[in-house]
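Data block below; observations after.
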Amino acid sequence: MSTEWKTLRAELPEDVRARLDMKRQERRLGKALAEVRKAMDATQHEVAARAAMTQNTVSKIESADDVLLS
C-alpha cells in the first residue's frame, strides 16, 4: 500500500513542514544560480570571485548542500 506525499506531509508537524519548504526553496535558488551561471558561460570560481565568496560556497549553493543563506 502506498500513501501519497501530500497525505504524509499533512500529518507532519508544522515546524517540519516549514523546514521542508525552506529546503525546497534553497534547491530552487541553487538550481537557478547554476542555470544563470552556465548561461553566462561562467565558472563557479568566476561567480565566487564577483560575489566575494569561495568557489566551494557557490558549489554548495548550487547543490543546496546544507547551505545557510542570511
Side-chain angles (χ1 to χ4, degrees):
M1 180 173 100
S2 64
T3 305
E4 287 189 24
W5 169 242
K6 286 181 181 181
T7 304
L8 291 173
R9 187 181 184 286
E11 295 174 3
L12 295 171
E14 180 59 35
D15 64 320
V16 174
R17 289 193 308 259
R19 282 185 297 197
L20 289 171
D21 290 343
M22 184 179 295
K23 287 290 188 183
R24 184 179 328 133
Q25 183 62 23
E26 288 172 0
R27 285 190 301 274
R28 287 181 186 154
L29 290 171
K31 184 177 179 182
L33 174 61
E35 289 174 2
V36 169
R37 177 182 62 77
K38 290 173 186 175
M40 294 175 56
D41 199 29
T43 65
Q44 288 180 343
H45 181 75
E46 292 167 334
V47 170
R50 293 186 73 181
M53 61 178 67
T54 66
Q55 178 275 327
N56 188 46
T57 300
V58 174
S59 176
K60 284 183 176 184
I61 292 169
E62 288 186 356
S63 66
D65 181 26
D66 195 25
V67 175
L68 298 175
L69 300 175
S70 58

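These numbers come from the heavy atoms of this one structure, side chains and all, not from hydrogens, waters or symmetry mates.
The 12-atom threshold is not exceeded at CD of Glu4, counting heavy atoms of other residues, nucleotides or ligands nearer than 6.0 Å.
Taking CZ from Arg17 and CD from Glu11, the interatomic distance works out to 10.0 Å, rounded to the nearest 0.5 Å. Between the OG1 atom of Thr54 and the NE2 atom of His45 there is a distance of 10.5 Å, given to the nearest 0.5 Å.
A 4.5 Å side-chain heavy-atom check between Met53 and Ile61 finds at least one atom pair inside the cut-off.
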Which pairs would a plain distance check flag for residues 34-41, meaning a side-chain donor or acceptor within less than 3.5 Å of a matching protein atom at least two apart in sequence or in another chain?
| from | atom 1 | to | atom 2 | distance (Å) |
| --- | --- | --- | --- | --- |
| Arg37 | NE | Glu62 | OE2 | 2.6 |
| Arg37 | NH1 | Ala42 | O | 3.0 |
| Arg37 | NH2 | Glu62 | OE1 | 3.1 |

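Hydrophobic cluster membership for Trp5: Leu8, Leu12, Val16, Leu20 (Ile, Leu, Val, Met, Phe, Trp, Tyr linked by side-chain heavy atoms under 4.5 Å, directly or transitively).
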Open item on the list: Leu29 vs Arg24, test: side chain to side chain contact (heavy atoms under 4.5 Å, CB included). Steps then yes/no.
Closed with: CA-CA 9 Å; Leu29 290 171; Arg24 184 179 328 133; over 6 Å; no
